[in-house]
**Student:** 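After the structure tokens below, expect a handful of questions from me.
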Amino acid sequence: MAFLRDPKPWLFLICLYPLARLGYLGYTDGLGVNPIEFITRSLGTWTLTGLLLTLAVTPARRLTGRASLVRHRRMLGLFAFFYGVLHLLSYLWLDQFFDWAAMVKDVLKRPFITFGMVAFLLLLPLALTSTQAAMRRLGRNWQRVHWLIYPAAIAGVLHYGWLVKKDLTQPLIYGGILALFLGLRVFWRYKKTKAG
Amino acid sequence: AALPPYKKGAYGTTEPVNSFKEITSYNNFYEFGTDKADPAAHAYSLQTRPWTVSIEGACRKPKVWDIDALIKAFPLEERIYRLRCVEGWSMVIPWLGFPLANLLKQAEPTGDAKYVEFSSLHDPKQMPGQRRAILDWPYVEGLRLDEAMHPLTLLAVGLYGQELPKQNGAPIRLVVPWKYGFKSAKSIVRIRLVEQQPVSSWMKAAPREYGFYSNVNPEVDHPRWSQAKERRIGEFLKRPTLMFNGYGDQVAHLYAGMDLRKYF
């Protein structure tokens, strides 16, 4: 039963939970009376959650000393991208029904849509260069490319914050956690330069 | 409690009506939380009896009405209205109520009365959402006197032939069908006739985004989203939003000569 001790398949199943939940709610009439809004928002918040979990790997590794944690970062990041794609699809298809003229106007005119689109475009090269082969080919530049997750996550939080009508609680929670993770990195870098 | 008998109103739409479940499970009523499922979950704590509504300010006959006396005082009628939320969704709702004009006429507004200000209940014990300063409580809304006297403007006390559910603004709420939903104040305790244009809660919260008039207008976007289309709850494709929510024939004259971009 060695395969049961490998955390990877388990993590994969856990990462499917948001999608399975939507499927279950859809099947049991649990998506509320505005299911399109529910689905789009749910996929959006899970994308942010996925990005934050990806960004949590490095601090978790440093704080626990478990270097093996980094093995799971790629799957988390790819799932975040997967939910981002579904979120974008639900906007294009369910919400706007491919009304391209309206969407172009939306992206140019409305900061919250613009930031969402920017976040997606920043994540795209990360997903495309997530393979071992790309890592080898890019060498040192791979890290530079994947640094893009920071602006992507910031754009994602702004995208959420700009959308809500008044109550900023939820976006502030995501923003606070993101600020904490970024702050930790700045702090560690500062300590390193001081020590060195 | 059962409502007195009512008749079908003269105004209304023949469009299919949204279901009772849709109308009572998807609400913006920040007094009970900012999620649209919150009002249905939390509004049970609202005590709708005893309840009084005071008519005061620039009128000759101010009065504090008991809610049951008020419901009996004016003949009730059913009005099937479209409701367009500023967020971009809409419903068709069979309200039960009476024209606000009937009540205002009885109060006899004086020449100083230019506007009407509506205040909702302020009681954080009954309205848990008020424990957070999301808006400047109590919820305040306002209409110009001629808007308030318009025959379409309704004080609703019921829905689907029954007493108004708490999450929909029991025991008495305003319904102004050609304006975005937030203009229609819920759980009203005070109606004041005033000379100056009232400052509504949403105007205070975000003056750039929510104006005093807030007429449904597909050509004037909300600063952060388009108002050209709406999703009718229960439908898949969005439909175009109509000027004055489709009530232009009845209300456009109220705004003749006004720049609706400036007076949004």
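When reading the values below, keep in mind they use all heavy atoms of this one structure, side chains included, and skip hydrogens, waters and symmetry mates.
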**Student:** Need one label for B/A206: side chain, backbone, both or neither, based on atoms under 4.5 Å from any heavy atom in chain A.
**Tutor:** neither

**Student:** As an exercise: rank A/I113, A/L168, A/V33 by heavy-atom pairs under 4.5 Å with chain B and give me the winner.
**Tutor:** A/V33

**Student:** Would you mind checking which part of A/Q170 comes under 4.5 Å of any heavy atom in chain B, side chain (CB onward), backbone (N, CA, C, O), both or neither?
**Tutor:** neither

**Student:** Would a line drawn from the ring center of B/F182 to the ring center of B/Y139 be shorter than 6.0 Å?
**Tutor:** no

**Student:** Compare every heavy atom of B/F29 with every heavy atom of B/Q167, then report the nearest pair and how far apart it is.
**Tutor:** O-CD1, 3.3 Å

**Student:** Does the gap between the ring centers of B/Y263 and B/F212 come in under 6.0 Å?
**Tutor:** no

**Student:** Could you have a look at A/D95, A/V164, A/D106, A/L94 and say which one has the most heavy-atom pairs with chain B under 4.5 angstrom?
**Tutor:** A/D95

**Student:** In terms of heavy-atom pairs under 4.5 Å with chain A, which of B/R224, B/K229, B/E235, B/E22 leads?
**Tutor:** B/R224

**Student:** Taking side chain as everything from C-beta outward and backbone as N, CA, C, O, which of these in B/S226 sits under 4.5 Å from a heavy atom of chain A? Side chain, backbone, both or neither.
**Tutor:** both

**Student:** Quick check, are the ring centers of B/F244 and B/Y255 under 6.0 angstrom apart?
**Tutor:** yes

**Student:** Would a line drawn from the ring center of A/W46 to the ring center of A/F82 be shorter than 6.0 Å?
**Tutor:** no

**Student:** Let's test your reading of the structure: which of B/R132, B/H222, B/E209 forms the most heavy-atom pairs below 4.5 Å with chain A?
**Tutor:** B/R132

**Student:** Any idea which of B/L135, B/D35, B/I134, B/N18 has the most non-hydrogen atom pairs under 4.5 angstrom with chain A?
**Tutor:** B/I134

**Student:** Would you say A/W147 has more than 12 foreign heavy atoms packed within less than 6.0 Å of its CH2?
**Tutor:** no

